[in-house]
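When a ligand or atom number is given, it counts from 1 through the structure's own listing order.
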Amino acid sequence: DTQLKPTLESVAEQLKEGKFKNVIFMVGAGISTSAGIPDFRTPGTGLYSNLQRLNLPYPEAVFDISYLRRNPLAFYTLASELYPGKFEPTDFHKFMRTVDRKGLLRRLYTQNIDTLERIAGVSGEKIIEAHGSFAKNHCIDCKTEMSNEELKRIVWESNPGKTTIPKCKKCRGIVKPDIVFFGEGLPRAFFDSMDEDFPESADLVIVAGTSLTVSPFSQLPEMVDDDCIRILFNMDAVGDLGTRDNDLLILGDCDKNVRKFAELCGWSLDEESEEET
Ligand code: OAD
């Protein structure tokens with residue numbers, strides 16, 4: 001039956017039977033839009049079509065390291081809206097947590113900086129935050145760390161109603177959260193895990209909520225072995241997903257579709273995040 005084209009039903013059946021023990025997720029901003037966080041590239045609602053007020057030379061400049069040196073206010077204006085703390089995990093995050101709880105998760109590669117994977121309760125050591133996160137902050141010149149409390153105090157509280165740029169106490173360089181900007185390298189853990197995981201470690205790959213436009217993350221799905229089933233939960237087809245016999249495209253809202261997938265597996269997504277099973 002390995003010759004048959006996978007369907008949501010057949011993959012759910014195999015997941016239930018314990019056929020897949022090494023599930024790898026590759027996700028992006030689309031899994032967090034239902035939490036109220038805009039994605040980047042959806043026309044109209046995406047961040048990059050709503051940054052006119054920041055007067056950027058081009059939208060991606062807001063996450064560009066050399067632009068940050070010249071105009072840090074643009075990033076910090078946006079950061080006040082994106083800063084974690086006010087968003088809740090989505091059904092898609094809950095699905096990933098469930099896969100982890102069942103002992104089937106090998107790795108979760110995320111491009112997102114909202115830390116909703118951690119907040120949902122996915123094991124920290126399985127998460128690769130490929131584009132970093134707001135968890136820590138460092139001076140872009142001398143790398144001295146600044147705590148989140150201090151950064152928040154300086155940026156938003158020191159000068160009410162105004163955004164203040166946090167500067168390094170040692171060298172006066174600009175302090176920035178450890179988000180990977182254009183012009184910076186990805187974390188070492190990304191490349192180490194990639195070497196361990198591909199091509200053959202995964203038995204099921206689930207790609208979701210990403211346009212697969214930013215390299216090197218965009219190359220992950222292609223590195224997966226040909227025998228491995230790859231499912232895409234996304235609004236539209238992306239990357240090379242759909243070009244292999246073992247690909248399954250589930251187009252539309254990823255929360256709605258993953259809920260259906262979980263039901264087919266006989267799994268409930270609504271357990272508390274603290275609960276151990
Ligand atoms: P994009 O905005 O490029 O792509 C989001 C994808 O998710 C699009 O294909 C949407 O159609 C899809 N999508 C949105 N809502 C969805 C929903 N409810 N259900 C299913 N699909 C949905 O976001 P990313 O691919 O994550 O990098 O962007 C990659 C990187 O570009 C980001 O990490 C960021 C950005 O520049 C940095 O800032 C370094």
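Rounded to the nearest 0.5 Å, atoms CG (L249) and OG1 (T243) are 9.0 Å apart. Residue I127 holds its CD1 atom at 11.0 Å from CG of N112, rounded to the nearest 0.5 Å. Atom CG of residue N71 and atom CZ of residue R69 lie 14.0 Å apart, to the nearest 0.5 angstrom. The distance from atom CG of L47 to atom CD of E81, rounded to the nearest 0.5 Å, is 8.0 Å. Between atom CZ of residue F261 and atom CZ of residue F233 there is a gap of 5.5 Å, rounded to the nearest 0.5 Å.
Applying the 4.0 Å criterion to heavy atoms of D236 picks out, from ligand 1, the atoms 9 (O), 11 (O). The contact set between ligand 1 and R41, taken as ligand atoms under 4.0 Å from a residue heavy atom, comprises 1 (P), 2 (O), 3 (O), 28 (O), 29 (C), 30 (C), 31 (O), 35 (C), 36 (O). Near G28, with a cut-off below 4.0 Å to any heavy atom, the atoms of ligand 1 are 26 (O).
Not close to ligand 1: F92, with no non-hydrogen atom less than 4.0 angstrom away. Heavy atoms of E60 stay at 4.0 angstrom or farther from ligand 1. For the pair F217 and ligand 1, no heavy-atom separation below 4.0 Å is found. Within the 4.0 Å heavy-atom cutoff, G209 counts among the residues contacting ligand 1. Remark: distances from the non-hydrogen atoms of A208 to ligand 1 are all 4.0 Å or more.
Ranking protein heavy atoms by distance to atom 14 (C) of ligand 1, first place goes to D39 OD2, 3.3 Å. D253 OD1, 2.8 Å is the protein heavy atom nearest to atom 18 (N) of ligand 1. H131 ND1, 3.5 Å is the protein heavy atom nearest to atom 27 (O) of ligand 1. At the shortest separation from atom 25 (O) of ligand 1 among protein heavy atoms lies T210 OG1, 2.7 Å. At the shortest separation from atom 13 (N) of ligand 1 among protein heavy atoms lies G30 CA, 3.6 Å. With respect to atom 35 (C) of ligand 1, the closest heavy atom belonging to the protein is Y48 OH, 3.5 Å. Among protein heavy atoms, atom 29 (C) of ligand 1 sits closest to Q111 OE1, 3.2 Å. For atom 4 (O) of ligand 1, the nearest protein heavy atom (residue, atom name, distance) is S211 N, 3.2 Å.
Contact annotation: for V180 versus ligand 1, heavy atoms closer than 4.0 Å belong to the backbone alone. Residue-level proximity to ligand 1 for M235 is carried by backbone and side chain together, each with a heavy atom below 4.0 angstrom. Only the side chain of V214 comes within 4.0 Å of ligand 1, counting heavy atoms alone; its backbone N, CA, C and O stay farther away. Contact annotation: for N234 versus ligand 1, heavy atoms closer than 4.0 Å belong to both the backbone and the side chain. At a 4.0 Å heavy-atom cut-off, ligand 1 touches F63 through the side chain alone.
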Please assess S193 against Y109 for the test side-chain contact (heavy atoms from CB on, under 4.5 Å), listing each intermediate value before the final yes or no. CA-CA 9 Å; S193 303; Y109 290 90; 3.2 Å; yes
Between D247 and L232, does the side-chain contact (heavy atoms from CB on, under 4.5 Å) criterion hold? Intermediate values first, please. CA-CA 8 Å; D247 288 347; L232 174 71; over 6 Å; no
Give the C-alpha distance, both sets of side-chain angles, the deciding distance and a yes or no for side-chain contact (heavy atoms from CB on, under 4.5 Å) between L82 and D114. CA-CA 8 Å; L82 295 181; D114 53 37; over 6 Å; no
Show the numbers, then the answer: is there a side-chain contact (heavy atoms from CB on, under 4.5 Å) between N137 and E145? CA-CA 6 Å; N137 320 285; E145 187 170 349; 5.7 Å; no
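For the pair D255 and ligand 1, the shortest N or O to N or O distance does not fall below 3.5 Å. Polar contact with ligand 1: present for C254 (N/O pair, distance under 3.5 Å). Ligand 1 has a nitrogen or oxygen under 3.5 angstrom from a nitrogen or oxygen of T33. For ligand 1, the polar-atom distance check against A29 finds a nitrogen or oxygen pair separated by under 3.5 Å.
With a 6.0 Å cutoff to the six-membered ring centre and a 45° limit on the axis angle, K152 does not count as a cation-pi contact of Y83.
No donor-acceptor pair closer than 3.5 Å links the side chain of D203 to the backbone N or O of F20. N246 places a side-chain N or O within 3.5 Å of a backbone atom of D227 that can act as its donor or acceptor partner.
Between the side chains of D100 and S123, at least one donor N or O sits under 3.5 Å from an acceptor N or O.
The six-membered or imidazole ring of F63 lies away from that of F182, with a centre-to-centre distance of 6.0 Å or more.
Heavy atoms of other residues, nucleotides or ligands lying less than 6.0 angstrom from CD of E88 number 12 at most. Within 6.0 Å of CG in D240 there are more than 12 heavy atoms belonging to other residues, nucleotides or ligands.
The heavy atom nearest to atom 32 (C) of ligand 1, out of those in F181, F40, F182, F233, is found in F40. For the residues A130, G252, P59, the heavy atom positioned nearest atom 20 (C) of ligand 1 is part of G252.
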